[in-house]
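These notes concern the structure reproduced below.
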Amino acid sequence: MAHYLDELNDVQRAAVTTIEGPVLVIAGPGSGKTRVLTYRVAYVLEQGIEPWRVLALTFTNKAAREMTERIERVVGPRARYVWAGTFHSIFARILRAEAGKIGYPSSFSIYDTDDTVSLLRSIIKEMSLDPQQYNPNAIRSRISLAKSNLLTPPLYRANDQMMEQDRQARRPFTADIYERYVTRCKRAGAMDFDDLLLQMHHLLRNHPDVADKYRERFRYLHVDEFQDTNFLQYAILHLLAKYPGSPENLFAVGDDAQSIYAFRGATIDNILDFSKDFPQLKTFKLEQNYRSTAHIVAAANEIIAHNSRQLPKKIWTARSDSHKIRLLRCMTDDDEARRVVDLIVEQKNRLHLRNGDIAILYRTNAQSRKFEEQLRRQNLPYRVFGGLSFYQRKEVKDLLAYLRLTVNPYDEEALARIINYPARGISDATLTKIRQHAAANNQPLWDAMLTADLPERARKAVLNFRALVESWQRRAHKESAYQLASDIYRQSGLLDELKSERGTEEGLSRLQNANAVLDAISEFTDNASKLPLNEESGETPDASLAAYLQTVTLLTDADMASDSPDYITLMSAHAAKGLEFRSVFITGMEEMLFPSFFALENPGGLDEERRLFYVAVTRAKELLTISFAGVRYRNGRLAESAPSRFLGEIDREHYENLGGIGSRRASAEPISRVASPAASRASVSGNFSSPQPHQSRTQPTAPPADFKPSPPEAVAPGVRVRHLKFGEGVVRSVEGARENRVASIAFQGDEIPERRLVLRFAKLMVLD
DNA sequence: TAGGCTGTGGTTGCG
DNA sequence: CCACAGCCTA
């Protein structure tokens, strides 16, 4: 038996060595999922299977790359010929080769979300619909939902449920927008992200010769993060794996408890359908967690037990040494950021954590700002993930639009973006005329540029621009992508435009970003010449500009190499999936934020939020800190908030402290110090209110009978008050109005001279 | 034609 | 509060 198999436990090894027939691995957090997937591919290769017969579909490019690297370590450079990538990148590659069969140019454009939205915006405008009512983003997700469920425009119209939903949302013309959108994408030779899947499905479905070819090629199919696949993705897998005479070698790894993309169309039904469609299915459950210590694993189990629909499993860990979960009850979001960062400093000093061991997680990206401010104050290096991606920056998109137009002149989003940027005398009015002309004659903008009736000056400018692009097009097949791209960069005027703004910090960074695109193209051409696509067919390496563009559109920020290796990670809980850190801070654990306001309105939304919390908690290896604030800015308004119901779903034995505001004393002591259960119970003050009915175990202790909270209005400067936790004190001052009133109170024997309590939130009893 | 100003809307997010 | 779209003005 190969050496690497010795690194696996019994269940893992059984899964890895079952290489014939359908296999489902239910892999709990930290259970060695990546290792199983990697070794399984290695094992298949060791049986003498050619690497190009192995397909491995992952959720992110990063996961694919990591997997390839790890396989390579086991089996050597052969690993590079494995078809490992995301659904989108693998299918883009196949579609590029087969584009002619489905009526697309092989250099088709890929529309990203911004392109899609901007196209929808123009369609909505052309149709004279109200953009308020027909919110382009809402329409976009609608179309995405349709495509993910194989609903083409005619099927959409015939679907009573979809049509009724549109009527109820007062968007009855959604189907018409959808139809136009599809026509326009086709005319532009463009596919959006969903099309990469949908067209792949069409290709396999309607072209038996193509289907045979890829079924023959891919004898071993692997899917990572199976719980996050949607109906369409599953349908494609089904086409590839289920046919007469198929070996049905489909190996799927996932965890229903970590499904957090239902809002995007992912469906747990895929896991259930899997066993129906493939009756030979063998299922393995990986339940041992190698990542986290005991309290973290136990807390995670308790959280997920509150969900109704899930596959039964019990995650356990052999690691008993364990810190308890630390709670930070904070006054405001500013206070929260300060205390989280203070605690990070303390953890670094006391436990010798590196920055890279630490992550701050939050529900919404907007929460990152306050943490950034505090981290800067402490001079701690950090990196924020999410938000505006590199590839969404204006200067990057502008340059890419020039390149796209060169490769595919019918790409209307690219054309509209740069036809007059930098300014070259083609006004909005001119573009509108070209658009109207194109619409009237049902022809692409590129052709309409020649035939539209324009005033002489505008006409000249348009023809000049067209000639410039044509000069690049003629070179596209002959020259290297890099040479051509750098000429386009200069000749388009984009370089000069960016150079003229490099005086400011922002302008300089824009110039650098655009330059970075050229560096990336240079790197791409180098790499492509090193690695043939396919050793079997002898396909030549594709270093063309078109190939680069189809890759780059599918990249995200997470795929960029980092220059500073040791930084604190700031990201949304979603983005943290698949990662692990020694110390994790989950912040903003408040009702209406986590769980989000939105989730509470949708059926199943609460369960999905709970799974998200489960994912966040299980990122922590040793230290888990959860914070929440009584008051935070939301949409410019100061809003109060209650602790998240999810906090009450964890048994208090796993908490080091309960809402321990002001426990400066405690924080000076080792975190491993275990608070006595009695002390913990006593310190919980009735704020763990939970709307969930089935939580008797974690109901808060009632306050003493002689404690009657006074109305907030009764609290005024000078009066003596009692607080359940801090004891007696004197009110020094009161600021703010109504629900935002905050009192500064000096409590007897308190190490903090004055505490600021939000009156709507704090329970205070006036004593005189 | 470009920049400034006002109004509006605002989860989560892989490709 | 903050980002952005669309409108208006110089």
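Sequence lines set the chain letters: A, B, ... in the order given, protein chains first and strands last, and positions in each chain run from 1.
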Which of parallel (below 30°), tilted (30 to 60°) and perpendicular (above 60°) describes F524(A) and Y548(A)?
perpendicular

Y234(A) and H238(A) aromatic ring geometry - parallel, tilted or perpendicular at 30°/60° bounds:
tilted

Using modelled atom types only, decide if a donor and an acceptor are shared between the side chain of D333(A) and the backbone of Y633(A) within a distance under 3.5 Å.
yes

Under 4.0 Å between any heavy atoms, over every strand shown, what does [X] touch: base, sugar-phosphate, or nothing? Just pick one.
{"X": "N135(A)", "result": "sugar-phosphate"}
{"X": "T553(A)", "result": "nothing"}
{"X": "G85(A)", "result": "nothing"}
{"X": "R424(A)", "result": "nothing"}
{"X": "F87(A)", "result": "nothing"}
{"X": "S427(A)", "result": "sugar-phosphate"}
{"X": "A573(A)", "result": "nothing"}

Which comes earlier along DNA chain B counting from the 5' end, the contact point of A366(A) or that of G425(A), where each point is its nearest nucleotide?
G425(A)

5'-most by nearest nucleotide on DNA chain B - I426(A) or S596(A):
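Its nearest nucleotide lies further toward 5', so the answer is I426(A).
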
Selection from [options] that lies nearest to any side-chain heavy atom of [X]:
{"X": "N365(A)", "options": "dA2(B), dG13(B), dG15(B)", "value": "dG13(B)"}
{"X": "R121(A)", "options": "dA2(B), dT12(B), dG6(C)", "value": "dG6(C)"}
{"X": "N61(A)", "options": "dA2(B), dG15(B), dG6(C)", "value": "dG15(B)"}
{"X": "R369(A)", "options": "dG15(B), dA5(C), dC2(C)", "value": "dC2(C)"}

Measure [atom1]/[X] against [atom2]/[N] and give the value in whole Å, please.
{"X": "E590(A)", "N": "dT12(B)", "atom1": "CD", "atom2": "P", "answer": "15 Å"}
{"X": "Q550(A)", "N": "dG15(B)", "atom1": "CD", "atom2": "P", "answer": "17 Å"}
{"X": "Y421(A)", "N": "dG3(B)", "atom1": "OH", "atom2": "P", "answer": "10 Å"}
{"X": "N137(A)", "N": "dG13(B)", "atom1": "CG", "atom2": "C1'", "answer": "12 Å"}
{"X": "Q367(A)", "N": "dC1(C)", "atom1": "CD", "atom2": "P", "answer": "18 Å"}
{"X": "Q258(A)", "N": "dG13(B)", "atom1": "CD", "atom2": "P", "answer": "17 Å"}
{"X": "L196(A)", "N": "dG15(B)", "atom1": "CG", "atom2": "C1'", "answer": "8 Å"}
{"X": "D112(A)", "N": "dG13(B)", "atom1": "CG", "atom2": "P", "answer": "16 Å"}

Minimum-distance pair of heavy atoms, taken over all atoms of P643(A) and F628(A)
CG-CE1, 3.6 Å

Could you tell me if the ring centre of Y181(A) sits under 6.0 Å from that of Y111(A)?
no

Check for me whether the distance between the ring centres of F226(A) and F274(A) falls short of 6.0 Å.
yes

